[in-house]
Amino acid sequence: MPEVISLIQAPPDTPLKIVDILGGHGVRRRLMAMGFHKNAIIELDSQAIFRGPVLVKNLTSDTSVALGRGVAQKIMVEIIE
Amino acid sequence: MSKENNYPDVIFIGQPNCGKSTLFNAIAGLKADTSNFPGTSIEHTHSKVNVEGNILNIIDLPGTYSLNPSDPAEKVALVHLFHEKPSLVINVIDASVLGRSLELTLELIELRYPMIIALNMVDLAEKKGVEIDIRKLEKILGVPVIPTIAIRGRGIKELLDAVLRGLEEGLTVSPIEWSRDVEQKIEELINLLPEDFTVVSNKRFTAIHMIEANKLFFDKVLKDINPPLKKALDQVRHDLETMHNAPAYEVISAERHHLALKIFEECSRVLRGKRISFEERVDDVIMHPFFGYIILLAVFCGFFLIIFKVGSPLEGLLLEPLTNLRHSLLQTLGTGVLSYLIDGLLAGIGGGIAIVLPYFLPLIFLMSFLEDVGYLARAGFLMDTFMHKIGLHGKSISPFILGFGCNVPAIISTRTLESRRDRIITSLLIPFIPCSARTTIILALVAFYLGPLWAFGFYVFNILLVALLGRVITLFFKTPSPGLILEIPSLKVPSLKNMVKKTYFQMKSFIKFAWPILIAGSIVLGLLQYLHFDRFINLILSPLVEKGLGLPRDLGVTLVFGFLRKELSLVMMLQALDVSYMDVLTVISKEQIIVFTVFINFFIPCLSTVALLWKEMGKKIALISIGLNTGVAVILSFIARLILGK
């Protein structure tokens, strides 16, 4: 079993699988509506300076979404070998 | 608006960035009777169009990711969709992200309204290497699918033909079945719905949305009006949760998600593997942690430089003949009431043409360019870090930039922010953003008499002030901002036609709204001067104006009227001081110009902004905003006077 980590700790440019989304209704609903479901494959793109937001590529739905660090922390992923 | 006649209502709905508004504008442009709201489609837009002799009421709704709204703009979409049963729904889809877009489509199909899909941006999908089998998609969804490229105007005739055919022949839409166990649970709930229960569109849709509903509000209401049904609903949710080991709303959302992905896989072929396109390389640079900010800074410096370079010469060019006309008219008319009125009228018209247009026009045009290219969202990403420092997040950047054009659409666009907290903070800060009217004053007074560097410094100070105020206002809120979730649309080559159209609509509504007030205000001031009523106002205000700020007493009246519209203060300043634009320095000093500009710039947001704040955010926020702006204006202009030693 690969290790489950928060998206914020994941290495960039590596395919990741979403295993869980933490947090309240509001955030989860919004994330799901934008294509962040369990099992979706995503990739961390670049990181803004001063611990800013992260840019996430959703490879399943082929979209790019900017997430604040607080939000990114709630997305649990595992690295796809 | 739409029910005043019996024309069929055709609603445009789609996810954000799907090109819906572009498509709408392309169609609305065929026969214009459009009432467009400035900014993008935060407010819905109506338009009557004539398609081959058939009048249609077309309605553009704000982009929404799902029918379970999370921000106020999405709620606007739903209210419309549920309350006014449309004759036809056009679901606009970004073909390049078909998989995700289909989730909304499946939700719309559940509504069972007559529907047509406009599969937009098929060229972009092709470029990405995605080939879509349109016939197959049509067959699976049971809905006509028309490929379009709205930005180039392609597919629009076919879409309109399909709309007319659909309206004439009628379209039946039936939902696609989900997993058996989920369907069974939905069926259970449907059977329990009482006969007199308020049903939206059909029972299945209603039952599904009951399961999905945001628990807090809906459940409480249901518990009060129908306790047994509430119990049954809880049972259904509980069953779904135990079966799938996830919250019920997630089970439903996952059903749609999987179905959407399945349909996507069946209908499309990805021809190339992972694309490393030109666009991606560009994105790597413009969103780079270092170069991204350099570019951002350059873009905004260039942005304001262009506006200044275009605006300044144009302004001089337009002002001169008007000033001459006024002088010669005054000489022939003498000093009767008519002369005051006509002079006021000309001053108002002059203000409208020569001061507002040269700056406002290039600003909204460049703004729509940045928006259409997709740079605004990227700016939001880059600015998120800084916005966090003032207690907001990157999404607020777009209302702020819009605020440089006009505060009114900027406040409307705060509807895209999810939390009320962020909306309040952003709305309170927007009136401090120098809108085009105030920029005009800064440029016309500070830049013209003291030099462009002073004006630039004024701007920088203004932006720092907004940041500082943001920090202070945030202290009053205990909850933190909910965090950034912002889609970054793909970069696009903008269409000139679309940009021109957008600019035209904004300009039109601005002129329609602003000029009458501007001209009426000027005439009223002329009349007041004739009656010497302005002396009375000036006398009342003299403690503040003369003693406090060290300005000529005559300027008191301009402060009051600046409230009607900001640029009015400039026109009226000339009128009150009774000098022409070129001779201002003969009457007041450079220091006084700065004090005056500081006061006017930060004083009460203009009448329309206050009215909108009142409507959007409530009386309390509007009053706080007035108090905050007045307080800041008085304090800062007083400090400016002390520093400048006048």
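As a basis for the values below, the full set of heavy atoms in this structure was taken, side chains included, without hydrogen atoms, waters or symmetry mates. None of these values were measured; they are calculated from a predicted model. Sequence lines set the chain letters: A, B, ... in the order given, protein chains first and strands last, and positions in each chain run from 1.
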Which pair of heavy atoms, one from [X] and one from [Y], lies closest together, and at what distance?
X: B:Ile485; Y: A:Leu31; value: CD1-CD2, 3.7 Å
X: A:Pro53; Y: B:Thr385; value: CD-OG1, 3.6 Å
X: B:Asp384; Y: A:Gly68; value: OD2-CA, 4.4 Å
X: B:His257; Y: A:His37; value: ND1-CD2, 3.1 Å

Could you tell me if the side chain of [Y] sits less than 4.5 Å from the side chain of [X], heavy atoms only?
X: B:Pro247; Y: A:Arg28; value: yes
X: A:Asp45; Y: B:Asp284; value: yes
X: A:Arg30; Y: B:Tyr65; value: no

Self-check item: Selection from B:Glu103, B:Met387, B:Gln15 maximising heavy-atom pairs under 4.5 Å formed with chain A
Solution: B:Glu103

Relative to chain A, which segment of [X] carries a heavy atom at a distance below 4.5 Å: side chain, backbone, both, or neither?
X: B:Asp94; answer: neither
X: B:Pro16; answer: neither
X: B:Leu261; answer: side chain
X: B:Ser490; answer: neither

How many angstroms lie between [atom1] in [X] and [atom2] in [Y], if you round to the nearest 0.5 Å?
X: B:Asp283; Y: A:Leu55; atom1: CG; atom2: CG; value: 7.5 Å
X: B:His393; Y: A:Arg69; atom1: NE2; atom2: CZ; value: 16.0 Å
X: A:Lys38; Y: B:Glu250; atom1: NZ; atom2: CD; value: 5.5 Å

Quiz item: Testing A:Thr63, A:Thr60, A:Asn58 for side chain to side chain contact (heavy atoms under 4.5 Å, CB included) with B:Arg100, which one passes?
Solution: A:Thr63

Quiz item: Just wondering, are more than 12 heavy atoms of other shown residues or ligands nearer than 6.0 Å to CG in A:Asp13?
Solution: yes

